[in-house]
Structure formats: structure tokens, C-alpha cells
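Structure first, commentary second.
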Amino acid sequence: MSPISSVRQQLYQDMAPLNMTPLWEVLHALVPPQPSSPCVPSLWKYEQIKPFLKRAGEAITAEEAVRRVLILENPALRGQSAVTQSLYAGLQLILPGEVAPCHRHTQSALRFIVEGEGAYTAVDGERTTMHPGDFIITPSWTWHDHGNQASEPVVWLDGLDIPMIRFFDAGFAENDTAQSQTVQRAEGNSFARYGHNMAPVRGDAPFGATSPIFSYPYERSREALHHLESNAPIDDWDGIKLRYINPATGGSPMPTMATFMQRLPAGFEGKASRQTDGAVYSVVEGAGTAYIEGPNGPVRFDFETRDHFVVPSWQALRLASVKGCVLFSYSDRPVHQALGIHKEERIS
Ligand code: GTQ
């Protein structure tokens, strides 16, 4: 060791008991020239996942598990219950006759229905029936329980801001005394009030910064995408992509998560783009290919209906589809935007 480096090593060693460390050894990593997420792109094929959901259904009841969920962990973040540094993803299964008991927490949740029909989620006294492709919201700190009174198993994607709330050490949770909350309003009330480009004349938004709509039915988003496919220009990067909104603000449905629905027409060969918000994708219909520039080199994911994949921050994504497909996705974009750090680059 040169004299200068041994002087430095001694300095570091002597200050260590005081919990101090020199910035100059880590500065480049702390303030990188561009985002360099440790997360890697990852694909979860539904045909591989489904047997494990089935086995989970045999191994534990929804009631005992509270939430019977298999977490989709980023391969670079194993053990952290995180799909990106800020987001959580999991697949939840509820069998006929089961109830996932009522609780509430500060974490916001989205449910994106992957398979099966007829289960419900109840939020703040109102139930919503699930259909594949529906996007359902559980606002922060609202009581919610799930149940299945239909005849088939139902699987949905849970997207939560768990890692973000953990980062801020701001998580609270509470169990209700009842398993299922009492229904206080007819199903469809919130959609009738807020889901038709109208809103009640009086009264504040019931959930603050979160959308007053619990369920955004796939029927409606699908219709919009198909109309635009036939009657409007196709974006070279995104195909046809719409963001879900909180009708009271025009902003994202939840303060921490943005959600999107996108159609790639048959024969689509998209251009690449990257954004600071890492995103999780759920394949709603059809099949296609995602090309992602991961930290360990380019990867290619051939996806089909019900597959899931994650595109980490600032890793370029290019989408293609031979026969056409529909993709749902969510990201932490509203937080980037609130902080003024959101960045997107469209690569031509
Ligand atoms: O349904 O409330 O996947 O609290 C993780 C935590 C689902 C839920 C998850 C939760 C829930």
C-alpha cells in the first residue's frame, strides 16, 4: 500500500467507531450520472405460476393467510418483497366460498383481475364484482375485504406501494373486528357518481387524493382502445396507450401509482423508450415481445395473456406484437412528477 492510501485507510478505520465514513469513496455511486437501478427485467409466465397458485390454494386458506398471495420479487431484490425499489407486485388467489378478512393500511393497493370472474372486493361499505381486465382500487387507510361467492377461483395482480411506504417508515395497519364489512351502498354507486364524466354537485372527494372510482371496468377501457385503433394515429412507441385518471383531479388514480392500458395493433414494431419510473406489466389479451436493455445486457421476453413482467427505471423498452395485444401497467410515476424528477426519453 502506498503511504497515502495507508494514511486514508487508517483515517477510515479510526473514524468508523463514530459511525462516520468519507463521501469521496462513494460519491460517484450516490450521485450517478444517470439512474443505474440494481433491478433487473424479469418475466413471470402464467403457465409456470399457475401450478404454484393452485398448490397455495391447497396449502392455506385465504382466512388463515389473511391474503393468499405469491409475491413477484425482482430477482435482484430477493427477500425484500419488492418488484422494483418502490413497488410491490403479487398474485392473489381466492377460492369459491372464501373470505380474505377486513383490514386497512396506509399502503395504497390496486387489483388487476387476471383470471376468473365473480369474486368481489369491498371498500368502505361498497362491493365491486371482479371481471378479467378490471382495474380496482383500494385507497390508503380504507377498510377492505375480499370474497368469492362465485363458482370459480379468481386470481388478480396486487400492485402496492409497500416498499415506498417502508422507505418512509410511514406504515400503519389495523384489523377489523368483523371478517367482512357491512354493505352500506348498492354496488355501482361510486361508478354511477364518478364514472360517467359527471360528479355529485355537493360534497368533497371521499378519498382525498385517491380516485372516488373503485373499479374501472375493462369493458370500457377496451372499447376506448379499440375505437382509437381504428380511428386515430398509432403512436410509434406506445401503440395506443391511455392512462387511468382520478376524475376529480385529472391526475393519477392513486397518489403513489399511475396505471395504464395499452393496445399494440397486429404487426406493431415499436420504437424504444425509457423512463425514470419502473413499471410492472400484466398481459391482458394476446401476445407479443418486450425487448429491454437491462443492466446485464439486452433481454427478450416473449409474453402471452396473463404473463407479467417488470421494466426497471431507465432501462429502455421496445414492444412488438405480431397478432396484437393489450397490456396493463403501473408505475410510481406520480411520485416522480410530484418531486419534479420524472424523465422520459423516446429513442428513435
Ligand atoms: O389485499 O390488502 O398483496 O394488504 C399485500 C398486502 C394484498 C390486501 C397484498 C395487502 C393486500
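Both ligands and their constituent atoms are indexed starting at 1 by order of listing. Not measured: the values here are computed from a predicted model.
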Spacing of Y46 atom OH and S282 atom OG [to the nearest 0.5 Å]:
9.5 Å
Taking the six-membered ring of Y120, is NZ or CZ of R127 closer than 6.0 Å to its centre and within 45° of its axis?
yes
Do S211 and Y244 pass the side-chain hydrogen bond (donor to acceptor under 3.5 Å, both in side chains) test, and can you show the C-alpha distance, the side-chain angles, and the key distance before you say yes or no?
CA-CA 10 Å; S211 173; Y244 289 88; over 6 Å; no
Cation over ring face, R243 and F260, 6.0 Å, 45°
no
So which of R222, K241, R263 actually passes salt bridge (charged side-chain N to carboxylate O under 4.0 Å, His left out) with E229?
R263
Atom CE in M254, atom OG1 in T259: separation rounded to 0.5 Å?
5.5 Å
Can you list, by chain and residue number, every protein residue with a non-hydrogen atom closer than 4.0 Å to ligand 1?
R67, V69, Y88, Q92, H103, H105, R111, H144, H146, D158, L160
